[in-house]
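In what follows, every heavy atom counts, from backbone to side chain, and hydrogens, waters and symmetry copies are set aside. Count residues from 1 along the sequence.
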Amino acid sequence: MPDLSLASFNTHYGVHASRRAHPRAFDMTAALASLDTDVVVVQELWRPDGERGAVDDAATALGYEIVYEPTSRATLGPHWPHLVPDGEGESGIAVLSRLPVRRIGSLALGPTPGDPAPVRTALDVEVDVGPRRLRIVAVHLTSRLPHGPVLQLRRLAPLLPTPGTPTVIAGDCNFWGPGVVGLLRGWRRTVRGRTWPSRMTHSQIDHILVRPGDGIRASDGRVLPRVGSDHLPVRVDLALP
(Lines give C-alpha, C1' and ligand atoms only; values in the text may rest on other atoms or scores of the structure.)
Protein backbone atom coordinates (compact mmCIF):
# COMPACT_ATOMS: atom_id res chain seq x y z
CA MET A 1 0.00 0.00 0.00
CA PRO A 2 1.31 3.50 -0.78
CA ASP A 3 2.16 5.82 2.08
CA LEU A 4 1.20 8.97 0.20
CA SER A 5 0.13 10.25 -3.20
CA LEU A 6 1.81 13.20 -4.89
CA ALA A 7 1.01 15.33 -7.92
CA SER A 8 2.76 18.11 -9.79
CA PHE A 9 0.74 20.79 -11.58
CA ASN A 10 1.73 23.95 -13.45
CA THR A 11 -1.39 26.09 -12.96
CA HIS A 12 -0.65 28.68 -15.70
CA TYR A 13 -1.54 31.40 -13.20
CA GLY A 14 -5.03 29.95 -12.92
CA VAL A 15 -5.91 31.00 -16.47
CA HIS A 16 -7.34 28.76 -19.18
CA ALA A 17 -4.90 27.55 -21.83
CA SER A 18 -7.08 29.26 -24.46
CA ARG A 19 -6.53 32.65 -22.78
CA ARG A 20 -5.99 34.60 -26.01
CA ALA A 21 -9.45 33.74 -27.24
CA HIS A 22 -11.17 33.51 -23.86
CA PRO A 23 -9.29 35.34 -21.07
CA ARG A 24 -10.89 33.73 -18.05
CA ALA A 25 -9.86 31.86 -14.92
CA PHE A 26 -10.57 28.18 -14.37
CA ASP A 27 -11.88 26.73 -11.10
CA MET A 28 -8.67 26.17 -9.13
CA THR A 29 -10.39 24.41 -6.23
CA ALA A 30 -12.04 21.92 -8.56
CA ALA A 31 -8.79 21.42 -10.47
CA LEU A 32 -6.75 20.62 -7.35
CA ALA A 33 -9.53 18.47 -5.90
CA SER A 34 -9.52 16.37 -9.07
CA LEU A 35 -5.88 15.44 -8.49
CA ASP A 36 -6.93 13.65 -5.28
CA THR A 37 -3.49 13.56 -3.64
CA ASP A 38 -1.94 14.08 -0.21
CA VAL A 39 0.67 16.47 -1.62
CA VAL A 40 0.61 18.78 -4.65
CA VAL A 41 3.66 20.59 -6.03
CA VAL A 42 2.42 23.72 -7.81
CA GLN A 43 4.16 25.94 -10.33
CA GLU A 44 3.11 29.30 -11.80
CA LEU A 45 1.16 30.20 -8.71
CA TRP A 46 -0.11 33.78 -9.00
CA ARG A 47 -0.48 36.17 -6.08
CA PRO A 48 -1.73 39.72 -6.73
CA ASP A 49 0.04 42.33 -4.63
CA GLY A 50 -1.03 42.10 -1.01
CA GLU A 51 -3.67 39.46 -1.73
CA ARG A 52 -4.21 35.74 -1.60
CA GLY A 53 -4.25 33.96 -4.91
CA ALA A 54 -6.51 31.24 -6.26
CA VAL A 55 -4.16 28.48 -5.07
CA ASP A 56 -4.23 29.88 -1.52
CA ASP A 57 -8.02 29.85 -1.48
CA ALA A 58 -8.13 26.35 -2.96
CA ALA A 59 -5.64 25.07 -0.37
CA THR A 60 -7.79 26.37 2.46
CA ALA A 61 -10.94 24.87 0.97
CA LEU A 62 -9.30 21.46 0.47
CA GLY A 63 -7.46 21.21 3.79
CA TYR A 64 -3.93 21.72 2.51
CA GLU A 65 -1.15 23.54 4.32
CA ILE A 66 0.85 25.63 1.86
CA VAL A 67 4.58 26.37 1.77
CA TYR A 68 5.26 29.12 -0.77
CA GLU A 69 8.39 30.26 -2.60
CA PRO A 70 8.34 33.42 -4.76
CA THR A 71 10.14 33.17 -8.09
CA SER A 72 9.70 36.57 -9.73
CA ARG A 73 7.70 39.71 -10.15
CA ALA A 74 5.13 39.22 -12.87
CA THR A 75 3.23 41.51 -15.21
CA LEU A 76 0.40 39.56 -16.75
CA GLY A 77 -0.78 42.20 -19.18
CA PRO A 78 -4.00 42.54 -21.18
CA HIS A 79 -4.64 38.81 -21.64
CA TRP A 80 -5.47 38.44 -17.92
CA PRO A 81 -7.76 41.43 -17.15
CA HIS A 82 -9.82 39.46 -14.64
CA LEU A 83 -6.97 38.85 -12.18
CA VAL A 84 -6.07 42.29 -10.82
CA PRO A 85 -6.76 45.80 -12.15
CA ASP A 86 -3.13 46.62 -12.97
CA GLY A 87 -1.96 43.11 -13.84
CA GLU A 88 0.90 43.26 -11.31
CA GLY A 89 1.78 40.61 -8.81
CA GLU A 90 4.14 37.79 -7.94
CA SER A 91 4.75 34.41 -9.47
CA GLY A 92 5.84 31.49 -7.33
CA ILE A 93 5.94 27.78 -6.61
CA ALA A 94 4.47 25.95 -3.64
CA VAL A 95 4.04 22.63 -1.92
CA LEU A 96 0.51 21.91 -0.68
CA SER A 97 0.28 19.14 1.88
CA ARG A 98 -2.37 17.45 3.99
CA LEU A 99 0.48 15.94 6.01
CA PRO A 100 2.63 18.00 8.40
CA VAL A 101 5.11 19.99 6.29
CA ARG A 102 7.92 22.45 7.00
CA ARG A 103 10.33 24.47 4.92
CA ILE A 104 13.95 23.33 4.85
CA GLY A 105 15.25 26.06 2.56
CA SER A 106 15.69 27.49 -0.93
CA LEU A 107 18.11 26.06 -3.50
CA ALA A 108 19.61 28.67 -5.81
CA LEU A 109 19.32 27.87 -9.53
CA GLY A 110 20.36 31.19 -11.05
CA PRO A 111 21.45 33.50 -12.44
CA THR A 112 20.78 32.16 -15.92
CA PRO A 113 21.18 34.29 -19.08
CA GLY A 114 17.82 35.26 -20.53
CA ASP A 115 15.81 33.89 -17.61
CA PRO A 116 12.96 36.30 -16.73
CA ALA A 117 13.32 35.08 -13.13
CA PRO A 118 17.06 35.65 -12.57
CA VAL A 119 16.98 34.67 -8.88
CA ARG A 120 14.98 31.50 -9.51
CA THR A 121 15.14 28.93 -6.70
CA ALA A 122 13.88 25.45 -5.91
CA LEU A 123 11.84 24.89 -2.74
CA ASP A 124 13.06 22.23 -0.32
CA VAL A 125 10.52 20.98 2.24
CA GLU A 126 10.13 18.03 4.58
CA VAL A 127 6.87 16.12 5.05
CA ASP A 128 6.04 13.88 8.00
CA VAL A 129 4.62 10.57 6.81
CA GLY A 130 3.78 8.96 10.13
CA PRO A 131 7.12 8.47 11.92
CA ARG A 132 9.07 8.83 8.65
CA ARG A 133 10.30 11.91 6.81
CA LEU A 134 10.18 12.66 3.11
CA ARG A 135 12.04 15.54 1.46
CA ILE A 136 10.33 17.15 -1.51
CA VAL A 137 12.24 19.48 -3.82
CA ALA A 138 9.82 21.56 -5.88
CA VAL A 139 11.18 23.02 -9.13
CA HIS A 140 10.13 25.26 -11.97
CA LEU A 141 13.06 25.60 -14.34
CA THR A 142 13.47 28.29 -16.97
CA SER A 143 11.99 27.80 -20.42
CA ARG A 144 15.02 29.46 -22.05
CA LEU A 145 16.16 26.59 -24.24
CA PRO A 146 18.58 25.09 -24.96
CA HIS A 147 21.01 26.23 -22.27
CA GLY A 148 18.74 27.37 -19.42
CA PRO A 149 17.39 24.10 -17.99
CA VAL A 150 20.79 22.44 -18.45
CA LEU A 151 22.54 25.11 -16.38
CA GLN A 152 19.89 24.97 -13.66
CA LEU A 153 19.87 21.17 -13.43
CA ARG A 154 23.65 21.20 -13.09
CA ARG A 155 23.36 23.72 -10.26
CA LEU A 156 20.59 21.74 -8.59
CA ALA A 157 22.38 18.37 -8.56
CA PRO A 158 24.96 19.09 -5.81
CA LEU A 159 22.38 20.91 -3.66
CA LEU A 160 20.02 17.95 -3.30
CA PRO A 161 19.73 15.93 -0.07
CA THR A 162 22.43 13.30 0.30
CA PRO A 163 21.76 9.81 -1.07
CA GLY A 164 19.89 7.67 1.42
CA THR A 165 17.63 10.58 2.40
CA PRO A 166 14.19 9.71 0.97
CA THR A 167 13.62 12.53 -1.52
CA VAL A 168 11.34 13.39 -4.43
CA ILE A 169 11.99 16.05 -7.08
CA ALA A 170 8.80 17.30 -8.69
CA GLY A 171 7.81 20.10 -11.02
CA ASP A 172 8.01 21.70 -14.42
CA CYS A 173 11.55 21.15 -15.70
CA ASN A 174 10.91 22.66 -19.14
CA PHE A 175 13.11 19.83 -20.38
CA TRP A 176 12.59 16.33 -21.72
CA GLY A 177 12.90 13.32 -19.45
CA PRO A 178 16.10 11.76 -20.87
CA GLY A 179 17.93 15.07 -20.50
CA VAL A 180 16.69 15.56 -16.94
CA VAL A 181 17.84 12.14 -15.67
CA GLY A 182 21.04 12.46 -17.69
CA LEU A 183 21.96 15.57 -15.72
CA LEU A 184 20.58 14.31 -12.40
CA ARG A 185 22.51 11.05 -12.24
CA GLY A 186 20.99 8.36 -10.06
CA TRP A 187 17.42 9.65 -10.37
CA ARG A 188 14.61 8.04 -12.35
CA ARG A 189 11.26 9.13 -13.70
CA THR A 190 8.10 7.79 -12.07
CA VAL A 191 5.71 9.14 -14.73
CA ARG A 192 6.04 8.86 -18.50
CA GLY A 193 3.67 10.59 -20.88
CA ARG A 194 3.22 13.84 -22.73
CA THR A 195 2.25 16.80 -20.57
CA TRP A 196 2.61 19.93 -22.71
CA PRO A 197 0.78 21.69 -24.19
CA SER A 198 -2.45 20.39 -22.74
CA ARG A 199 -4.10 20.59 -26.14
CA MET A 200 -2.35 18.41 -28.73
CA THR A 201 0.40 17.42 -26.29
CA HIS A 202 3.78 16.59 -27.81
CA SER A 203 6.35 16.74 -24.95
CA GLN A 204 6.82 15.63 -21.36
CA ILE A 205 8.38 18.48 -19.40
CA ASP A 206 6.61 17.86 -16.06
CA HIS A 207 8.33 15.22 -13.95
CA ILE A 208 8.33 13.40 -10.61
CA LEU A 209 11.71 11.82 -9.85
CA VAL A 210 12.99 9.42 -7.17
CA ARG A 211 16.35 7.76 -6.42
CA PRO A 212 16.19 3.96 -6.22
CA GLY A 213 18.90 4.06 -3.54
CA ASP A 214 16.59 5.99 -1.23
CA GLY A 215 14.25 3.00 -1.00
CA ILE A 216 11.15 4.82 -2.32
CA ARG A 217 8.83 2.63 -4.34
CA ALA A 218 6.66 4.38 -6.95
CA SER A 219 3.46 2.98 -8.41
CA ASP A 220 0.56 4.08 -10.59
CA GLY A 221 2.49 6.99 -12.11
CA ARG A 222 0.38 8.66 -14.75
CA VAL A 223 -0.51 11.83 -16.60
CA LEU A 224 -3.92 13.19 -15.59
CA PRO A 225 -6.60 14.77 -17.79
CA ARG A 226 -6.68 18.46 -18.65
CA VAL A 227 -8.10 20.68 -15.89
CA GLY A 228 -7.74 24.18 -17.39
CA SER A 229 -4.00 24.89 -17.54
CA ASP A 230 -1.69 24.64 -20.55
CA HIS A 231 0.05 21.75 -18.71
CA LEU A 232 -1.36 18.35 -17.80
CA PRO A 233 -0.85 17.31 -14.16
CA VAL A 234 1.22 14.24 -13.26
CA ARG A 235 0.53 11.96 -10.30
CA VAL A 236 2.18 9.02 -8.52
CA ASP A 237 1.71 6.86 -5.40
CA LEU A 238 4.79 6.49 -3.19
CA ALA A 239 5.78 3.92 -0.55
CA LEU A 240 8.60 4.94 1.80
CA PRO A 241 11.29 2.62 3.15
Do side-chain atoms of Arg235 reach the backbone of Asp36 as a donor and acceptor pair under 3.5 angstrom? yes

Are Val55 and Val40 connected, step by step, through hydrophobic side chains (Ile, Leu, Val, Met, Phe, Trp, Tyr) whose heavy atoms are closer than 4.5 Å? yes

Any salt bridge between Arg103 and Asp124, counting N to O under 4.0 Å? no

Any chance you could measure His16, atom NE2, to Asp230, atom CG, to the nearest 0.5 Å? 12.0 Å

CA sep, side-chain torsions, deciding dist, call: Asp220, Val236, side-chain contact (heavy atoms from CB on, under 4.5 Å): CA-CA 6 Å; Asp220 198 23; Val236 69; over 6 Å; no

Under 3.5 Å side-chain donor-acceptor pair for Gln152 and Thr112: yes

Any heavy-atom pair between the side chains of Thr195 and His207 that's under 4.5 Å? no

Does this structure show an ion pair linking Asp115 with Arg144, if we count only N-O contacts that are shorter than 4.0 Å? no

Between Tyr13 and Met28, is there a shared hydrophobic cluster once you connect ILVMFWY residues whose side-chain heavy atoms come closer than 4.5 Å? no

Same cluster for Leu109 and Val137 if Ile/Leu/Val/Met/Phe/Trp/Tyr side chains link at under 4.5 Å? yes

Residue from Leu32, Thr37, Val41, Leu45 passing side chain to side chain contact (heavy atoms under 4.5 Å, CB included) with Phe9: Leu32

Mind checking whether Val210 and Val127 sit in one hydrophobic cluster, side chains of I, L, V, M, F, W, Y counted as touching below 4.5 Å? yes

Looking only at side-chain N and O atoms, does Ser5 offer a donor or acceptor that is under 3.5 Å from a partner on Asp38? yes

Side chains of Glu69 and Ser106: do they bring a donor and an acceptor to under 3.5 Å? yes

For Pro225 and Pro233, work out which heavy atoms get closest and say how close. O-CD, 3.6 Å

Under 4.5 Å between any side-chain heavy atoms of Arg98 and Glu65, yes or no? no

When you check the side-chain N and O atoms of Ser8 and Gln43, is any donor under 3.5 Å from an acceptor? yes

For Val67 and Leu123, the nearest pair of non-hydrogen atoms, with its separation, is O-CD2, 3.4 Å

Arg211 side chain near Thr167 side chain, heavy-atom distance below 4.5 Å: yes

Say whether, by atom type as modelled, one donor and one acceptor occur between the side chain of Ser34 and the main chain of Ala31 under 3.5 angstrom. yes

So, does Arg155 use its side chain to make a donor-acceptor pair with the main chain of Pro111 at under 3.5 Å? yes

Distance (rounded to the nearest 0.5 Å) between Arg188 CZ and Ile208 CD1: 11.5 Å

In the structure I gave you, are the side-chain heavy atoms of Leu141 and Asp172 within less than 4.5 Å of one another anywhere? no

How close do Phe175 and Val150 get, heavy atom to heavy atom, and via which atoms? CZ-CG2, 3.7 Å

Spatial distance of atom NE2 (His231) from atom OG1 (Thr11) [nearest 0.5 Å]: 9.5 Å

So which heavy atom on Asp214 is nearest to which on Pro166, and how close? CB-CA, 3.9 Å

Given 3.5 Å as the limit, does a donor-acceptor pair link the side chain of His147 with the main chain of Pro113, or not? yes

To the nearest 0.5 Å, what is the distance between CG on Asn10 and CD1 on Ile205? 7.5 Å

Mark yes or no for whether Arg185, through its side chain, and Gly182, through its backbone, hold a donor-acceptor pair below 3.5 Å. yes

According to a hydrophobic-cluster definition based on side-chain heavy atoms being under 4.5 Å apart (Ile, Leu, Val, Met, Phe, Trp, Tyr only), do Leu62 and Leu4 belong together? no

How about Trp196 and His202: are their ring centres within less than 6.0 Å of each other? yes

Within the 4.5 Å heavy-atom criterion, are Leu209 and Val168 side-chain neighbours or not? no

Min side-chain heavy-atom separation Leu160-Trp187 under 4.5 Å: yes

Should the heavy atoms of other residues, nucleotides or ligands under 6.0 Å from CZ of Arg194 be counted, would the total exceed 12? no

Is there a donor-acceptor pair closer than 3.5 Å between any side-chain N or O of Asp56 and the backbone N or O of Gly53? yes

Neighbour count >12 (heavy atoms, 6.0 Å) for atom CZ, Arg217: no

Positive for side chain to side chain contact (heavy atoms under 4.5 Å, CB included) with Leu134, one of Ile216, Leu99, Val39: Ile216

Separation between CG (Leu159) and CZ (Arg154), nearest 0.5 Å, reads 14.5 Å

Is the closest side-chain heavy-atom distance between Leu156 and Val139 below 4.5 Å? yes

I'd like to know if the side chain of Arg47 pairs up with that of Ser91 as donor and acceptor (distance under 3.5 Å, no hydrogens or angles considered). no

Could you state the interatomic distance from OG (Ser219) to CG (Asp237), rounded to the nearest 0.5 Å? 4.5 Å

Considering residues, nucleotides and ligands other than Arg102, do more than 12 of their heavy atoms fall under 6.0 Å from its CZ? yes

Are side-chain heavy atoms of Ile93 and Tyr68 found at a separation under 4.5 Å? no

